[in-house]
There are 2 protein chains.
Amino acid sequence: MYEQLRAYFQTRLPGITDTQVEALQAQLQPRTLRRHEVLIRQGEAGRRGAFVVQGCLRSYVVDKKTKEHILQFAPESWWISDQYSMLRGLPAMFSIDALEDSEVLLFGPDFLPLLQTIGPEFQAFFHTLLQNSMASMQRRLISILSATAEERYLEFLQMYPTLVQRLPQRMIAAYLGITPESLSRVRKELARS
Amino acid sequence: MYEQLRAYFQTRLPGITDTQVEALQAQLQPRTLRRHEVLIRQGEAGRRGAFVVQGCLRSYVVDKKTKEHILQFAPESWWISDQYSMLRGLPAMFSIDALEDSEVLLFGPDFLPLLQTIGPEFQAFFHTLLQNSMASMQRRLISILSATAEERYLEFLQMYPTLVQRLPQRMIAAYLGITPESLSRVRKELARS
DNA sequence: TTGATTTCTTATCCTACATCAAGGCGCTGA
DNA sequence: TCAGCGCCTTGATGTAGGATAAGAAATCAA
């Protein structure tokens, strides 16, 4: 269960010690999620996030017209949480649930502050992670503003080649910001050529 | 020139000492920018960011169809930079320029790492800042995916009431992700009611 | 002041994608 | 085994906002 996490940090922070990994593990609680099981519900104060060991989660919001918009997919070795709300004890801005039966390691609001005591490199690591999310979020914003549905689908294929097989198409549509019908037409068009 | 910065930190980090503020100032270089002057050019390695003392900057990308998309406005007391590229020494993902004659305090790639030595509360402060940006980016993404041009314009008015007077409408349109013509129509419609 | 840019408005037409509706196909479960 | 329910597809029609064009208004420069 924890081997995945150990490997994850050993490749990303080569200097890491066993004691540090153990200190980390102590903060993370293993948990199994079944497909469709909800970890965080939008609007409620679910103060936790997850590291995905096996399976795939997603974060999403549902708007006034009851349409779902997916912010992030989190397959193996990804982190997923609503950091902003979690650290402030606010109602979650989005929901998080499992798209497949999954195994995750859960952490609470004190996780990030605690990293400091384990080692400053962890603090820095999560800061870098946040910067990466920010950068990819910016790219996505630009993509939605400037690219067509087809272009965005192709970008998605490039970015997450493995997810296309694993996820239902309606999920991909909800990520791209188009209807399932439109995605179906885009795929039909691409198949023709 | 630096009073603004001092006041900024004194309200946000009340426990701060004079020595700390001075250490910070030592990292920041005053500079005047004229309207339209470019600080960072997309694709080039401009390793710096700014704290805005007076005036207003913006970060933006231009896409293949040569259309501009504005990521952020930075009026007084805002920070603006391409952290991701700056810290990695990569070509900038977007441009930053001045929308008004402005006074800024510039910082380099070593600024954030150096905060650590000045005090951990600064490190944490900038981490929080990044979280805020991330959260507002997420809100914007959802807004673009689910709201109409009119709704987004109204959100913008709520969020940045002072900027509407200061900025040309084409800039607001480029932020909202619509054409200046569409924004003009939206405003006309709103004025009717 | 006045000519030259730039910015904003308005009108017409167009297009990418949404919406609505219906049919097929594959799971799942009694 | 087959009923029933998601999921995907396809077609017909609708619409928000884009593209283009041209004039009005504001700003700038000399």
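Quick note on labels: first sequence line is chain A, next is B, and so on, each numbered from 1. Quick note: numbers below take in every heavy atom, side chains included, and nothing from hydrogens, waters or symmetry partners.
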Q: Verify the neighbour count for atom CD of Glu68(B): are there more than 12 heavy atoms of other residues, nucleotides or ligands below 6.0 Å?
A: yes
Q: Quickly work out the Met171(A) CE to dC7(D) C1' distance and round it to whole Å.
A: 11 Å
(Q) Rounded to whole Å, how long is the line connecting atom CD1 of Ile172(B) with atom C1' of dC8(C)? (A) 12 Å
Q. Is NZ or CZ of Arg6(B) both nearer than 6.0 Å to the six-membered ring centre of Tyr8(B) and within 45° of the ring axis?
A. no
Q: Measure the distance from CG on Leu99(A) to P on dC7(D) and round it to the nearest whole Å.
A: 11 Å
Q: Identify which nucleotide among dT19(C), dT10(C), dC8(C) has an atom closest to any side-chain atom of Pro168(B), counting heavy atoms from C-beta outward.
A: dC8(C)
Q) Under 4.0 Å: is that the gap between some side-chain N or O of Ser184(B) and OP1 or OP2 of dC8(C)? A) no
Q: Confirm from the modelled atom types if Arg187(A) and dT10(D) form a donor-acceptor pair under 3.5 Å, side chain to base only.
A: no
Q: Would you mind telling me which of dA11(C), dC8(D), dA18(C) lies closest to the side-chain atoms of Ser182(A)?
A: dA18(C)
Q.
In this structure, how many angstroms lie between the P atom of dT6(C) and the CD atom of Glu68(B), rounded?
A. 14 Å
Q: Would you tell me if any nitrogen or oxygen in the side chain of Thr179(B) comes within less than 4.0 Å of OP1 or OP2 on dG18(D)?
A: yes
Q | Length of the CD1-C1' vector between Ile178(B) and dA16(C), whole Å | A | 17 Å
Q | Atom-to-atom span, OH of Tyr153(B) to P of dC8(C) - whole angstrom | A | 11 Å
Q: Determine, step by step, whether Ile70(B) and Ser59(B) satisfy the side-chain contact (heavy atoms from CB on, under 4.5 Å) criterion, reporting the C-alpha distance in whole Å, the side-chain angles of both residues, the deciding distance to 0.1 Å, and the verdict.
A: CA-CA 6 Å; Ile70(B) 295 179; Ser59(B) 60; 5.8 Å; no
Q | Stepwise side-chain hydrogen bond (donor to acceptor under 3.5 Å, both in side chains) test for Gln29(B) and Arg48(B) | A | CA-CA 10 Å; Gln29(B) 199 180 29; Arg48(B) 54 195 180 175; over 6 Å; no
Q | Which nucleotide in dT20(D), dG18(D), dC17(C) has an atom nearest any side-chain atom of Arg152(A) | A | dC17(C)
Q.
Distance check needed: dA18(C) P versus His69(A) NE2, whole Å only.
A. 11 Å
Q) With a 4.0 Å cut-off on heavy atoms, is Arg170(A) in touch with a base, just the backbone sugar-phosphate, or nothing at all? A) sugar-phosphate
Q | Along DNA chain D (nearest heavy atom to each residue), the more 5'-positioned of Arg35(B) and Lys65(B) | A | Lys65(B)
**Q.** More than 12 heavy atoms of other groups within 6.0 Å of Arg41(A) CZ
**A.** no
Q) So does Thr148(B) get a side-chain nitrogen or oxygen closer than 4.0 Å to the phosphate oxygens (OP1/OP2) of dA16(D)? A) no
Q: Let me know the distance between CD of Glu181(A) and C1' of dG23(C), rounded to the nearest Å.
A: 14 Å
